[in-house]
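Structure first, commentary second.
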Amino acid sequence: FKDITKLSQNIFIFSKFSVKFMTSHSHKELVEELNRHRVDVSKLKNTLNELDKEKESWFRKKEVLGANIKESIQKIKDDKTQRDSFTNEVKELKLKRDLLNKELPSKSSELEKLKKERDETSKSLDVKESPSRLKQQMDKLEFKIETDTISFEKEKELMKKIKALKKDYDKLSVLQESNKNVRGVIDAVRKLRRESNDFHKSIQEKARQSQVLHEDILKISDEIDKLKAEEEEAFRKFSEFRKQFHEVNSELKYKLKKIN
């Protein structure tokens, strides 16, 4: 009976020690596992922060590229509006220039006709003195009659000369009128040519400006294509980091849940 009692006591002591040993061992493992989770959580938080920075960086880049694309598209619209305006101005200027150019042949023909008539009139007159010279001679003779004391016969002689000079002067008046008509048409032809040249210069300048805008539109279009490619790449990167961010965030939540 004593042996049985002693054996029972030994079993009880051993059992108590075993429970204590196992409890101590489980607690140590739990602490170690908890520490590992804490290390993992810390690493995950750092990774999450880095992923968030990358994600936001690519998102901002995408937004900037999108804004640049929008601005470039608006620039193309403005350039097209200005280019079309220049194109319409060129069309209007060409119409005006062409109308002037159509008048030139008829004016040139009229000028040649007037010159020919003037030359024929000049040959038929057979007057060598100029109108101003004839007028000067007439004035001189009239002054002599009015101021000098001359005989009646001398006065008649002078009046006869004045009459002959006036006849030549009247003939030359017809020639003067012809010259006046010729000069008038010459001035008209010069004016037409000057206006036509002015229109032509304006056409060239407007066409040059239109071409500059057209080339600018092509250049910006190429830039937009490049910006769109960069925007797509930025969005792809953003989506990639966003996906990684959500994956790591889910893992972090799981680890925190286990710790708690």
Cluster link [X] to [Y], ILVMFWY, side chain under 4.5 Å:
| X | Y | answer |
| --- | --- | --- |
| Leu252 | Val39 | no |
| Leu100 | Ile186 | yes |
| Trp58 | Leu65 | no |

Answer yes or no: is there a donor N or O on one side and an acceptor on the other, between the side chain of [X] and the main chain of [Y], under 3.5 Å?
| X | Y | value |
| --- | --- | --- |
| Ser57 | Lys53 | no |
| Thr81 | Lys77 | yes |
| Asn197 | Arg193 | yes |

Does any non-hydrogen side-chain atom of [Y] lie less than 4.5 Å from one of [X]?
| X | Y | answer |
| --- | --- | --- |
| Ser72 | Lys228 | no |
| Ile217 | Ser221 | yes |
| Val185 | Lys115 | no |
| Thr47 | Glu50 | no |

For this session: Could you tell me which non-hydrogen atom of Val189 sits nearest to which non-hydrogen atom of Leu104, and how far apart they are?
Result: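 That would be O-CD2, 3.9 Å.
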Seminar exercise, completed: When every non-hydrogen atom of Leu114 is compared with those of Asn181, the smallest separation belongs to CD1-O, 3.8 Å
Problem set entry | Worked check of side chain to side chain contact (heavy atoms under 4.5 Å, CB included) between Glu251 and Asp40 | CA-CA 10 Å; Glu251 187 178 355; Asp40 290 342; over 6 Å; no
What's the spacing between [X] [atom1] and [Y] [atom2] if we round to 0.5 Å?
| X | Y | atom1 | atom2 | value |
| --- | --- | --- | --- | --- |
| Leu218 | Leu213 | CG | CG | 11.0 Å |
| Gln74 | Ile220 | CD | CD1 | 11.0 Å |
| Lys140 | Leu158 | NZ | CG | 11.5 Å |
| Ser250 | Leu44 | OG | CG | 11.0 Å |
| Gln136 | Leu141 | CD | CG | 11.0 Å |
| Glu195 | Lys96 | CD | NZ | 10.5 Å |

When the side chains of residues 85-95 are checked against the rest of the protein, which donor-acceptor pairs come out under 3.5 Å, sequence neighbours left out?
from: Thr87; atom 1: OG1; to: Arg83; atom 2: O; distance (Å): 2.9
from: Asn88; atom 1: ND2; to: Asp84; atom 2: O; distance (Å): 3.2
from: Glu89; atom 1: OE1; to: Lys206; atom 2: NZ; distance (Å): 3.0

Please determine whether a side-chain nitrogen of the Lys or Arg among [X] and [Y] lies less than 4.0 Å from a carboxylate oxygen of the Asp or Glu.
| X | Y | result |
| --- | --- | --- |
| Asp187 | Arg183 | no |
| Arg236 | Glu240 | yes |
| Glu110 | Lys113 | no |
| Asp98 | Lys102 | no |

For this session: List the steps and the verdict of salt bridge (Lys or Arg N to Asp or Glu O under 4.0 Å) for Asp222 and Lys226.
Result: CA-CA 6 Å; Asp222 290 339; Lys226 293 177 182 178; over 6 Å; no
Problem set entry | Pair listing, ring pair (Phe, Tyr, Trp, His ring centres under 6.0 Å) test, anchored in residues 181-238, at least two apart |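 For residues 181-238, and leaving out neighbouring residues, the ring pair (Phe, Tyr, Trp, His ring centres under 6.0 Å) pairs sorted by first residue read Phe59-Phe238.
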For this session: Using a cut-off of 6.0 Å, state whether more than 12 heavy atoms not belonging to Arg97 lie near its atom CZ.
Result: yes
Problem set entry | Residues, nucleotides or ligands: over 12 heavy atoms within 6.0 Å of Glu63 CD |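 Check passes, neighbour count above 12.
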Exercise. Does the side chain to side chain contact (heavy atoms under 4.5 Å, CB included) test come out yes or no for Glu205 and Arg208, once each step is laid out?
Worked result: CA-CA 5 Å; Glu205 178 59 22; Arg208 184 192 67 79; 2.7 Å; yes
Seminar exercise, completed: Residues passing the side-chain contact (heavy atoms from CB on, under 4.5 Å) test with Lys219, sequence neighbours excluded, are Glu223
For this session: Evaluate the criterion side chain to side chain contact (heavy atoms under 4.5 Å, CB included) for residue pair Gln209 and Val212; output intermediate values, then yes/no.
Result: CA-CA 5 Å; Gln209 292 175 329; Val212 169; 5.6 Å; no
For this session: Dump the intermediate steps for side chain to side chain contact (heavy atoms under 4.5 Å, CB included) on Glu247 and Lys243, then the final yes or no.
Result: CA-CA 6 Å; Glu247 290 173 352; Lys243 181 182 178 183; 3.4 Å; yes
Problem set entry | Option passing side-chain contact (heavy atoms from CB on, under 4.5 Å) with Glu233 (candidates Glu230, Glu231, Lys237) | Lys237
